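These numbers were taken from a predicted model, which means no experiment stands behind them.
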2 protein chains.
Amino acid sequence: MTETNNRQTLSVRDWAEAALEVIAEKGVKGVAVEPLARRLGVTKGSFYWHFANRRALLQAALDLWEHQQTDEILERVAQESDPRRRLARVFAEADGSRYAGRLYLALAGATENTLIQSVVRRVIERQTEFLWECYLDLGLDRQAARHKAVLAYSVFMGTLELRRDAPDTLPAGEAFHDYMHFVGEALIPGYDRSLHRREVAAPENVASIGESNRHV
Amino acid sequence: MTETNNRQTLSVRDWAEAALEVIAEKGVKGVAVEPLARRLGVTKGSFYWHFANRRALLQAALDLWEHQQTDEILERVAQESDPRRRLARVFAEADGSRYAGRLYLALAGATENTLIQSVVRRVIERQTEFLWECYLDLGLDRQAARHKAVLAYSVFMGTLELRRDAPDTLPAGEAFHDYMHFVGEALIPGYDRSLHRREVAAPENVASIGESNRHV
DNA sequence: ATCGTTCCATACGGTCGCGTATGGCGCTAA
DNA sequence: TTAGCGCCATACGCGACCGTATGGAACGAT
């Protein structure tokens, strides 16, 4: 569940990843220094050596998350040349990881923290922008493309919510694939079932982001 | 802002409504006994006379919310005979109150409390059921109606999220109405702009969903 | 062997919120 | 007037968490 880090010492990134895990499980307010230290098998003494305070930990975790949700995902998906396939892949990636979805919703729901709000806003704008360009590449005019992008993003977030809060509402098993095709036909012009290959499993790999600056 | 209650003594409902307000503002974890008492101009002594503990307050608040989100709303909307108009009204009501939307998302995001989760689940199932029946009344077969209902509900929740977390992403002003028509065309078979007359333009009067109207 | 640095443990004071115990004020009924 | 009850204030102990201060073990360098 948590880090089974072979190394004997913890890094800033270890703390940041653990923080993201806790956010996905218990929300932002669940990120407490002492419980997180226990989770990692150490005490607060370790934490306050790596970070100035709790806020600095959240900052590091948010930097990591923002990078994963924008640069990494979009760069991966952008390799697809066909806009239709790009759209299908975006939805597949976004729906691939249950953990990523819970994390996304937890951060979006953190309305108490201005820092988090701005990060979430940037991620949303970046991703809707990407969808917009996909629809523009499909030949839609600016307004129609914009509308479709916003609608598609709403469907994406709403589906995450439904899957988290009322999973029984969504079709299960094979019926879920039928539903996803239905969604594809509603959101992707000229949708074809062959676009939705089996690339569901989004690997949980996380490329390297430069270690955050350690505080003085 | 809060209750300007003329009466000199507080009722259980007063506490429940105040709790819902705080949930909409700061989330469920923001509901603390002592701050809430200060907000109502009293001390904890009052609270623990009306309630056994914090959990009992949440229970009362959830009962109130569930009733408002199911019985009240659906009874109001069900008066509309035309299924298309029912659908349009449902979206209008749901999107009418900013407060109700924030409250909804805050409760849906309370993943730490089993009690809240079950209430949210019931509300979601009740509302999707209603949408399902609307689409059935429009002549769709069971699967198509179900798919459209789930999709429509996803759009609804996703739109709430977008409006809360990245309002600039959604079209503003007159463009918002254009977008809502676009959504209507995507979700309501045989959609006609006349269905969306005045009801969506109500900015604050639909706040009766969430209450605040009884006093003042 | 000594020293300094890295990384963490321990101990402490402080805040906030929960729940309890108990006292007090105002109103009504007898 | 007085007794009783509804409604609230005050005071207390408790636990969880934050941030600081300081000590200590491991380890490489000299």
Legend entry - For A/Y153, the option from A/V90, A/L187, A/I124 that meets side chain to side chain contact (heavy atoms under 4.5 Å, CB included): A/I124
Kindly give the atom pairs (protein nitrogen or oxygen, nucleotide nitrogen or oxygen) under 3.5 Å for nucleotides 6-8 of chain D.
| residue | atom | partner | partner atom | Å |
| --- | --- | --- | --- | --- |
| D/dC8 | OP1 | B/L10 | N | 3.1 |
| D/dC8 | OP2 | B/S46 | OG | 3.1 |
| D/dC8 | OP2 | B/H50 | NE2 | 3.0 |

Inset, instruction - Mark yes or no for whether B/R54, through its side chain, and B/V31, through its backbone, hold a donor-acceptor pair below 3.5 Å. - result: yes
Legend entry - Within 6.0 angstrom of A/R55 CZ, more than 12 heavy atoms from elsewhere: no
Inset, instruction - Mind calculating the distance between CG (A/D14) and P (C/dC7) to the nearest angstrom? - result: 12 Å
Inset, instruction - Calculate the interatomic distance between A/L58 atom CG and D/dC18 atom P; express it in whole Å. - result: 10 Å
Inset, instruction - State which residues pass side-chain hydrogen bond (donor to acceptor under 3.5 Å, both in side chains) with B/Q117; sequence neighbours excluded, sorted by chain then number. - result: none
Inset, instruction - Sugar-phosphate means primed atoms, P, OP1 and OP2; the rest is base. With that split, encode nucleotides 12-17 of chain C 5' to 3' as B, S or - using protein heavy atoms under 4.0 Å. - result: -----B
Inset, instruction - Taking only Lys NZ, Arg NE, NH1 and NH2, and the carboxylate oxygens of Asp or Glu, determine whether A/R86 and A/E133 approach each other closer than 4.0 Å. - result: no
Legend entry - Geometric class of the A/W65/A/Y104 ring pair [parallel <30°, tilted 30-60°, perpendicular >60°]: perpendicular
Legend entry - Mutual orientation of the aromatic rings belonging to A/W15 and A/F47 [parallel < 30°, tilted 30-60°, perpendicular > 60°]: perpendicular
Inset, instruction - Assign the ring pair A/Y179 / A/F176 to parallel, tilted or perpendicular, where the plane angle (0 to 90°) is split at 30° and 60°. - result: tilted
Inset, instruction - Please report, rounded to the nearest Å, how far the C1' atom of D/dA9 is from the OH atom of B/Y48. - result: 15 Å
